[in-house]
Amino acid sequence: MSFRPSIRSRLTVFVLALLLMLGGLGAFVFLLEERISYSIRHAQDLTSMSALADEINYRRLQVRVNFLNIMVNLSTSRMGEDEARRVVSDKSSAIDQVGRQVAQLSRMAGAKGGDLAQVGTQLEESYSAWREGHAQLDRAFLEAARALATRRGREELARLDQHISRMAAVSDAFGVLSERTADRFGQEETSALESVDRMYNEFAHRSLLVIGLIILLTLLTGYWVTSSISRIVGLASEAMARLEAGELDVQLDPGLLQGDDEMGVMARSIRSTADRIRGQVLETRAVAKGIESLSVTASAVASQLAASAEENYASLAESSTSMEEIKATAKTTAKKMEDASELTKRGLELVIATNEAAMALLDAIERIRERMGFLSDTIVTLNDKTREIMDVADTVEDLAEQSNLLAVNAAVEAAKAQEAGRGFTVVASEIKSMAEQSKAQAKEVKRKLEEVQRATSAAVMATEQGVKATNEASRHTEPVRSAMDQMARHLGEIAQMSTQTLRANQDLFLGVDQVNQAMEQIRSTSRDNTEAIKELESATLDIKAASYNLTKVLEVYRI
Amino acid sequence: MVSQGSGVNARLLERARRLAAESHERSDWEELMVFRRGSSLLAFRPDSWGEVVRLKGYTPIPTLPPHVAGVFNLRGSIVPLLDLSYPLKIEAPGPLRVAMVTSNRHGQFGIGFDSLEGTMRVPREDVTETPPDHPLEGMAGDVMIVRMEALAL
């Protein structure tokens with residue numbers, strides 16, 4: 001069996017490879033970065049070391065210059081022992097400082113190891129020689145100084161000069177070594193920086209290479225996956241075309257069928273589909289055969305059914321006739337019930353008319369009561385008016401009295417006028433008598449008005465009695481009305497009951513009709529049935545023919 | 001209309017008759033102005049007649065003699081009001097409603113009565129004269145003729 005990885009596993013492998021390459025690239029970048037940073041640090045160290053070596057040389061020269069100056073002083077002027085000691089002490093401290101720097105440089109060079117460490121050691125050895133030389137020089141200097149302080153120390157000075165010239169050689173050697181050391185470190189630094197540059201270039205090249213690889217890998221994988229999918233689709237479409245042509249015995253490459261990949265799955269599913277269709281075609285053929293034999297049996301049964309349906313039809317016709325008789329009886333009953341209902345209705349109408357009459361009577365009484373009220377009001381108004389007229393009559397009486405007084409006064413005045421007033425006396429007495437008559441008339445009017453008032457009071461009483469009487473009448477009419485109401489209700493109930501009965505009868509009638517109709521339907525249905533059975537008979541024959549055709553059709557498939 | 005017209009005619013005729021009678025029998029008749037006070041009738045002769053006014057109330061004044069009822073307003077002047085029920089011993093007199101205003105040597109004053117009965121003429125022979133010191137001048141039937149001079153204020 002050949003191993004065919006599935007598309008998913010291929011993609012997984014591809015992604016893993018990609019990740020691995022990217023990781024490698026990352027690690028490479030990281031390591032290179034480390035190296036570059038180390039080289040830069042190394043270059044920085046070398047720079048500082050070179051500077052340190054230069055400084056050592058500078059300090060050495062400083063020490064020399066200082067000492068030569070002192071020597072000049074010493075030869076020209078006397079110098080005390082104390083001062084000489086101080087000078088020596090100063091120089092020693094300067095030398096110590098140089099020593100510390102040398103030690104530092106040597107330590108740094110030692111850290112770098114190899115060649116550079118050796119350079120450091122050489123410098124240290126040279127420094128030791130220089131320092132030793134200075135120690136001897138100092139001793140000579142101190143002796144010379146002491147000698148110069150006590151006597152003329154030409155010899156000491158000469159000896160000192162020798163020392164100095166020897167020392168100068170040692171110092172020069174030290175100086176040359178320092179300079180060379182500085183140069184050496186400078187060169188080292190340059191080479192370190194060059195190597196950094198190289199590393200950067202290398203990094204760029206390698207990165208480009210790796211990225212190119214990644215792109216290539218991606219393209220290759222894409223092509224691989226696409227070609228796999230197109231192979232699967234091709235296989236499927238080919239299989240489908242063969243199935244369409246009716247070739248159910250699809251032959252597939254056994255290697256392909258056993259494959260674990262999508263191709264294998266596809267091939268297996270096509271194979272199983274073809275198998276299933278083949279199985280179904282075989283089954284259908286068997287069924288078609290079965291149908292053929294069944295249709296023969298069915299046509300026999302259908303013939304029997306047709307005979308029994310005819311019998312049914314005859315018995316249904318008999319039932320229908322007896323139902324017609326029931327219907328006729330129900331019709332007679334309904335007619336009787338209708339008559340009864342009509343009679344009750346007439347009675348009810350009569351009662352309703354009576355009730356309406358009672359209502360009208362009540363209404364009339366109510367109207368009379370209203371009229372009575374109006375009459376009573378009018379009479380009261382009349383009474384008020386009478387009282388007002390009486391007031392007027394009172395005023396008239398009063399005026400008459402005043403006229404009387406006036407007439408008397410006129411008479412008095414006439415009496416005072418003696419003879420001249422005699423005529424006026426008569427007029428006055430005439431006025432007086434008229435006034436008296438007016439008064440009497442006013443009194444008469446008042447008397448009459450009082451009579452009117454009495455009469456109106458009587459009228460008021462009479463109307464009140466009238467109102468009371470109408471109230472009584474309405475009270476007596478009310479029970480009649482309610483009795484009529486009750487009667488109407490009872491009659492209504494009777495009418496309703498008779499109507500219900502009638503309706504029930506009609507329902508019965510309807511029911512009979514419906515039964516009749518149903519019978520008719522059954523009859524027609526049984527007729528239809530008979531026809532249907534006949535059709536069934538012919539249909540069974542058709543089925544037989546159809547199943548034969550089906551068998552023929554199925555023979556198209558190559559199994 | 002007819003009855004009213006005939007009434008007027010009758011009254012005119014009666015007046016004409018009376019005027020004609022008066023001209024003949026004037027001296028035999030006495031003219032009196034009669035007032036009512038309680039149940040009594042009081043009369044005055046024409047020489048003591050004065051203006052008759054209606055009393056619209058009067059003001060009683062304390063500490064005056066019992067025959068002076070009070071004072072009343074006569075067109076702006078304050079006039080004493082006499083009540084004759086006390087001097088003439090008239091029982092159960094009513095309120096004073098009218099007054100006759102007259103005057104004597106003391107000045108103007110009014111005499112109060114229940115009501116004015118009117119003027120009347122009585123035959124001179126029907127008047128019974130009384131002595132001059134009597135408060136009444138005489139009697140005409142049951143009508144008392146008041147002596148004006150007897151009314152002392």
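All chains are named by letter (A, B, ...) in the order of the sequence lines, taking the proteins before the strands, and each is independently numbered beginning at 1. Everything numeric in this text was worked out from a predicted model, so none of it was measured.
Not a single donor-acceptor pair under 3.5 Å links the side chain of A:N409 to the backbone N or O of B:E51.
Between chain B and the residues A:E436, A:E430, A:K432, the largest count of heavy-atom pairs under 4.5 Å involves A:E430.
Contact of A:S429 with chain B is made through the side chain alone, with heavy-atom distances under 4.5 Å. Contacts between A:E413 and chain B at a heavy-atom distance below 4.5 Å are absent for every atom of the residue. Residue B:M100 does not touch chain A at all, counting heavy-atom pairs closer than 4.5 Å. For chain B, the nearby part of A:Q437 is the side chain; its heavy atoms alone come within less than 4.5 Å.
Enclosure of atom CZ in B:R45 by more than 12 non-hydrogen atoms of other residues, nucleotides or ligands within 6.0 angstrom is indicated. Within 6.0 Å of CE in A:M487 there are 12 or fewer heavy atoms belonging to other residues, nucleotides or ligands. Under a cut-off of 6.0 angstrom, the local environment of CZ in B:R54 is crowded, with over 12 non-hydrogen atoms contributed by other residues, nucleotides or ligands.
Here the closest non-hydrogen pair linking B:W49 and A:A415 is CE3-CB, 3.5 Å.
Two residues are said to be in side-chain contact when any heavy atoms from C-beta on lie closer than 4.5 Å; B:V53 and A:L405 fail this criterion.
Ion pairing between a basic and an acidic side chain is recognised when a charged N comes within 4.0 Å of a carboxylate O; A:K416 and B:D47 show no such pairing.
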